[in-house]
There are 2 protein chains.
Amino acid sequence: MTPRQNRQRDRGIPEATVARLPVYLRALTGLQEREVATVSSEELAAAAGVNSAKLRKDLSHLGSYGTRGVGYEVEYLVYQISRELGLTQDWVVAIIGVGNLGRALAGYGGFASRGFRVAGLLDADEAIVGQEISGKTVAHIDRLEEMIAEHGVSIAVIATPAGAAQGVCDRVVASGVTSVLNFAPVVLSVPEGVDVRKVDLSIELQILAFHEQRKAGGPGDYEPVAGGGEDPPGPAQYVEAVEA
Amino acid sequence: MTPRQNRQRDRGIPEATVARLPVYLRALTGLQEREVATVSSEELAAAAGVNSAKLRKDLSHLGSYGTRGVGYEVEYLVYQISRELGLTQDWVVAIIGVGNLGRALAGYGGFASRGFRVAGLLDADEAIVGQEISGKTVAHIDRLEEMIAEHGVSIAVIATPAGAAQGVCDRVVASGVTSVLNFAPVVLSVPEGVDVRKVDLSIELQILAFHEQRKAGGPGDYEPVAGGGEDPPGPAQYVEAVEA
DNA sequence: AAGCCTTTGTGAATACGCGCACAAAGTGGC
DNA sequence: GCCACTTTGTGCGCGTATTCACAAAGGCTT
């Protein structure tokens with residue numbers, strides 16, 4: 001991802017900071033529910049699982065919203081972060097692909113609670129079209145463009161099989177959508193100016209497996225290839241290992 | 001040190017590299033299906049959506065597996081990456097929390113296809129216990145420790161409501177699990193040596209909203225203080241703070 | 001075998017993110 | 001009003017990640 005030129009003022013909030021703001025926000029709303037009025041960077045950092053200096057630096061990118069000697073006013077900070085993240089306005093979301101995952105997403109409470117409104121569910125499978133899921137009727141994918149225009153969809157959630165994802169992506173982008181959340185296990189290619197974020201369960205598991213393996217002693221406890229001397233194993237031999 | 005550290009199965013593979021290896025692996029298996037025998041770093045990088053120099057450097061951490069002037073042999077590279085990630089062995093997974101998301105996870109094909117075996121599904125809800133989901137019968141959460149020990153679970157997937165997640169996490173960690181994939185919207189605290197990865201749909205959407213908002217002109221070009229249209233949360237206090 | 005062409009592997013430069021440590025700023029007590 | 005105490009905001013150094021650019025290495029052709 002390119003560090004896009006951010007000409008807007010001094011609003012160059014680091015990407016790493018942006019990624020943490022939602023975490024802070026969640027911790028803060030938790031405090032709000034417990035009616036805590038103010039919180040120190042130390043406390044909030046602990047709740048968010050980060051270093052307190054990092055938290056202060058992150059917040060300093062939004063402005064100077066703390067009070068030295070006291071801390072941050074919870075409610076005020078919630079509002080500032082929400083505004084920075086764009087959560088003070090509503091975002092219209094379309095979920096494309098109503099398989100197991102799409103269904104789970106449609107029923108996910110975390111959407112509505114933060115200003116994300118699911119305008120519609122779409123699928124190509126005639127057997128699914130027409131079904132009612134979480135209070136919404138599944139529409140046919142043919143009506144994708146229509147729905148995007150009609151409801152003003154600005155974020156598309158792609159939960160289709162891998163093979164259909166790029167095609168769907170092209171269509172939503174052609175319809176003017178510039179933000180895509182992709183659950184399909186493919187790398188989507190999009191034109192400049194379109195943001196894609198990817199969630200991939202399989203990749204997360206593989207990363208965990210790597211660390212788990214390392215804890216257990218790393219790869220090559222056994223040498224998987226004969227003649228494991230100093231040279232890298234030749235290409236011819238591993239095939240047996242793989243197919244064995 | 002010689003430029004070629006033979007057997008540089010250096011445990012110091014950068015985290016950023018590890019996170020990309022599964023992406024390369026997926027691109028490679030795609031090539032395998034199309035029966036492509038060799039691939040250049042340029043082509044593979046394009047398929048994985050990264051810079052080719054980065055790809056080469058990533059692969060160089062695993063060893064010197066390419067041929068200059070030719071590229072990488074697809075099948076060989078698939079094997080090497082799989083081995084490095086620990087996918088040449090089976091990993092036993094337990095899914096805790098069988099709501100919408102847990103159900104979707106249970107049926108997710110990406111698990112089984114990479115050596116992840118779902119040993120069991122667990123839930124606290126008596127109405128769900130006993131149901132059959134994707135060929136597995138849901139067990140009661142009381143049998144968590146028993147199941148972990150019996151099946152040798154090494155990765156726990158937590159898909160419970162937020163409130164239950166930390167408790168479940170403590171229990172799986174106490175049972176010896178050292179890798180956790182957390183879907184619950186909470187920050188889990190775990191002892192040293194336990195890896196936690198988090199997937200949070202809501203956070204991803206919020207990050208997209210931030211960028212979407214910025215594309216549209218950024219937050220609060222005008223001061224979003226009282227009278228500005230929306231009702232900011234909370235009474236009068238922070239309004240003063242804004243203007244002060 | 002020699003030369004040309006392609007592509008890898010990597011040194012070097014740059015950018016970025018993190019966390020320490022501390023001065024500045026504000027609060028509360030007396 | 002002054003002082004002691006708390007906590008923010010940030011300068012700075014360090015380590016990691018990314019990208020460029022090129023020499024080395026291999027194959028292919030003649």
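Quick caveat, the model's predicted, so the values are computed rather than measured. To find a chain, count down the sequence lines: A is the first, B the second, and so on, and within it residues start at 1.
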Interatomic distance where CD belongs to Glu43(A) and P belongs to dT6(D) [whole Å]: 14 Å

Atom-pair distance (NZ on Lys54(B); C1' on dT10(C)), nearest Å: 17 Å

Short side-chain to backbone donor-acceptor contact, Gln206(A) and Leu87(B), under 3.5 Å: no

Whole angstrom value for the distance that separates P of dT8(C) from CD of Glu42(B): 8 Å

Interatomic distance, Leu44(A) CG vs dT6(D) C1' [rounded to whole Å]: 17 Å

Touch class at under 4.0 angstrom, heavy-atom based, for Ser64(A) against every strand present: sugar-phosphate

Touch class at under 4.0 angstrom, heavy-atom based, for Ala53(B) against every strand present: base

Distance in angstrom units between Arg56(A) CZ and dT6(D) C1', rounded: 12 Å

Pair Ser179(A), Glu212(B): side-chain N/O donor-acceptor within cut-off below 3.5 Å: yes

Closest non-hydrogen atom pair, Tyr24(B) against Ala48(B): CD2-CB, 3.7 Å

Distance test, side-chain N/O of Asn51(A) to OP1/OP2 of dC20(C), below 4.0 Å: yes

Atom-pair distance (NE2 on His61(A); C1' on dG17(C)), nearest Å: 10 Å

Separation of atom CG in Asp58(A) from atom C1' in dC18(C), rounded to whole Å: 10 Å

Nearest-Å distance for atom pair CG/C1', residues Leu62(A) and dG9(D): 13 Å

Along DNA chain C (nearest heavy atom to each residue), the more 5'-positioned of Arg20(A) and Thr67(A): Arg20(A)

Polar pair under 3.5 Å, donor/acceptor by atom type, side chain Arg68(B), base dT7(C): no

OP1 or OP2 of dT8(C) under 4.0 Å from side-chain N/O of Ser41(B): yes

Side chain of Ser60(B) (C-beta onward), nearest among dG17(C), dT10(C), dT18(D): dT10(C)

N/O donor-acceptor pair under 3.5 Å between Gln166(A) side chain and Ser189(A) backbone: yes

Tyr72(B) side chain, from C-beta outward: closest of dC20(D), dG27(D), dG9(C): dG9(C)

Under 3.5 Å donor-acceptor pair, Lys57(B) side-chain atoms to dT19(D) base atoms: yes

Pair Thr29(A)-Glu33(A), side-chain donor/acceptor within less than 3.5 Å: no

